[in-house]
Amino acid sequence: MLRGLYTAASGMLAQQRRVDWLTNNLANAETPGYKADAGAMRAFPELLMNRLEDESIPSAPPRAVPTQTAIGLLNTGVYTQELIPNFRQGDIKETGLSTDVALVDGQVPVDPTTGERGTLFFAVENGQGETRYTRNGHFTLSPDGYLTTQDGWYVLDGNGERIAIPSESFTVRDDGTITAENRTIARLGVVFAANPKTVVKEGNGLFRSTDGPLPQAPDNVTYMVKQGFIERSNVDIERTMTDLLAAYRAFEANQKIIQAYDRSLDKAVNEVGRLK
């Protein structure tokens with residue numbers, strides 16, 4: 001009976017975790033470049049249950065030989081193993097701002113070892129001087145003339161250097177080349193992750209590579225940088241709301257199971273074992 005309590009409790013915890021990431025997706029539905037999280041749930045290791053018994057063997061004197069009969073597998077619960085970002089391209093929205101740029105995927109190959117489609121990022125420098133990656137192209141110009149994110153992180157060029165723009169009137173070409181005052185200033189650093197599973201979220205729209213610095217996009221990867229546009233979140237609001245309601249119902253079902261076990265234990269302790 002107690003095993004059933006623990007199984008239902010693990011289901012409640014897993015559904016609570018699911019509600020957390022789904023509500024976080026909804027909260028970021030209007031965040032430029034946000035990539036929705038998808039959770040992977042796994043069952044705890046299954047147990048093989050056997051019935052132990054003694055089998056009598058006719059002999060003199062009689063003997064009992066212990067035997068066991070397989071009953072079947074018992075699942076002991078479920079848990080959220082990991083959260084995996086969905087790097088599907090978001091819709092492109094026009095803003096008309098010269099500092100806004102959208103990264104539009106073109107021909108992006110699939111990694112033959114993992115079967116996963118690669119993904120592209122802008123390279124930025126965080127407050128600790130470390131390189132991070134983002135799909136949020138809602139940039140701005142700092143007071144000292146550098147191209148930065150809305151949080152103040154420096155946008156990097158293809159050489160990993162900060163991009164200083166001498167004028168507010170500048171143009172970004174399709175390949176990411178920035179021109180101002182009739183000269184080329186820099187080219188936006190667009191990096192490529194062949195295996196997206198090596199890229200993890202770090203907050204504020206930033207990603208970190210667990211497999212070393214990401215390289216610049218190779219020649220077999222095509223993309224387009226569109227000035228005056230941003231990439232919207234790829235959150236599917238209708239699907240997320242449906243999944244959220246399903247998570248609430250699953251949570252309530254596990255809750256009712258625990259309440260039923262609690263009533264059974266109450267009867268066992270207070271009524272079945274009562275001496276009259």
Side-chain angles (χ1 to χ4, degrees), residues 1-51 70-91 114-117 119 134-136 195-208 210 231-274:
M1 183 176 292
L2 290 178
R3 185 183 291 119
L5 273 173
Y6 297 141
T7 302
S10 72
M12 289 181 66
L13 291 173
Q15 294 303 325
Q16 180 61 55
R17 188 73 180 93
R18 187 184 181 197
V19 168
D20 289 343
W21 88 64
L22 289 172
T23 53
N24 184 62
N25 286 344
L26 281 179
N28 287 279
E30 296 299 325
T31 301
Y34 178 80
K35 299 304 176 184
D37 285 321
M41 290 189 178
R42 287 193 62 181
F44 287 116
E46 294 180 332
L47 301 178
L48 177 61
M49 300 188 68
N50 294 281
R51 183 175 68 249
I71 298 175
L73 296 175
L74 174 67
N75 196 305
T76 56
V78 67
Y79 68 99
T80 302
Q81 182 182 27
E82 61 180 337
L83 293 181
I84 304 172
N86 177 7
F87 288 106
R88 177 178 54 84
Q89 174 86 56
D91 295 334
T114 63
E116 297 285 339
R117 185 174 182 267
T119 188
T134 186
R135 292 284 300 201
N136 186 352
N195 182 8
K197 290 184 178 179
T198 63
V199 181
V200 296
K201 283 187 175 181
E202 204 173 67
N204 295 324
L206 298 182
F207 294 85
R208 171 177 54 86
T210 61
E231 179 185 1
R232 302 182 63 184
S233 162
N234 67 353
V235 175
D236 186 336
I237 297 179
E238 292 80 7
R239 173 68 179 273
T240 303
M241 287 295 298
T242 302
D243 291 344
L244 193 58
L245 289 174
Y248 277 128
R249 288 169 182 158
F251 183 91
E252 291 175 353
N254 283 284
Q255 187 181 44
K256 292 183 182 299
I257 292 173
I258 290 180
Q259 291 172 349
Y261 273 117
D262 182 63
R263 288 191 296 268
S264 297
L265 288 172
D266 180 67
K267 286 181 176 292
V269 172
N270 297 313
E271 295 181 20
V272 176
R274 180 182 300 170

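- One finds the CZ atom of Phe251 at 8.0 Å from the CG atom of Leu13 (value rounded to the nearest 0.5 Å).
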- Message: Run the side chain to side chain contact (heavy atoms under 4.5 Å, CB included) test on Leu26 and Met241 for me, step by step, so that the C-alpha distance in whole Å, both residues' side-chain angles and the decisive distance to 0.1 Å come before the verdict.
- Response: CA-CA 8 Å; Leu26 281 179; Met241 287 295 298; 3.5 Å; yes
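- Asp37 contributes no side-chain N or O that, together with a main-chain N or O of Leu83, makes up a donor-acceptor pair within less than 3.5 Å.
- Within the 3.5 Å criterion, the main-chain N or O of Asn234 finds no donor-acceptor partner in the side chain of Lys35.
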- Task: Go through Met12 and Gln16 one step at a time and tell me if the side chain to side chain contact (heavy atoms under 4.5 Å, CB included) criterion holds.
- Result: CA-CA 6 Å; Met12 289 181 66; Gln16 180 61 55; over 6 Å; no
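- At least one donor-acceptor pair closer than 3.5 Å links the side chain of Asn86 to the backbone N or O of Arg88.
- In this structure Phe87 satisfies the ring pair (Phe, Tyr, Trp, His ring centres under 6.0 Å) test together with Phe121, Phe207, sequence neighbours excluded.
- Between the CG atom in Asn204 and the OG1 atom in Thr134 there is a gap of 9.5 Å [rounded to 0.5 Å].
- Residues that satisfy the side-chain contact (heavy atoms from CB on, under 4.5 Å) test with Asn28, not counting sequence neighbours, are Asn24, Thr31, Tyr34.
- The backbone N or O of Thr210 lies less than 3.5 Å from no partner atom in the side chain of Thr198, so there is not a single donor-acceptor pair.
- To the nearest 0.5 Å, atoms CZ (Arg135) and CD (Glu231) are separated by 4.0 Å.
- In this structure, the side chain of Glu116 does not engage the main chain of Asn195 through any donor-acceptor pair within 3.5 Å.
- Heavy atoms only, all atoms of each residue included: Ala36 and Asn25 are closest at CA-OD1, 3.6 Å.
- What you find for Ala29 and Ser233 is that their closest heavy atoms are O-CB, 3.2 Å.
- If you take CD on Gln255 and CD on Gln15, they are separated by 12.5 Å, rounding to the nearest 0.5 Å.
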- Message: Working note: Glu30 + Arg232, criterion side chain to side chain contact (heavy atoms under 4.5 Å, CB included); need CA distance, chi angles, decisive distance, verdict.
- Response: CA-CA 7 Å; Glu30 296 299 325; Arg232 302 182 63 184; 3.6 Å; yes
- Query: Is there a side chain to side chain contact (heavy atoms under 4.5 Å, CB included) between Glu238 and Asp236 once you walk through the steps?
  - Reply: CA-CA 6 Å; Glu238 292 80 7; Asp236 186 336; 3.2 Å; yes
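- Going from atom CD1 of Ile257 over to atom CD of Glu252 covers 12.5 Å, rounded to the nearest 0.5 Å.
- Rounding to the nearest 0.5 Å gives a distance of 10.5 Å between CG of Leu244 and CZ of Arg249.
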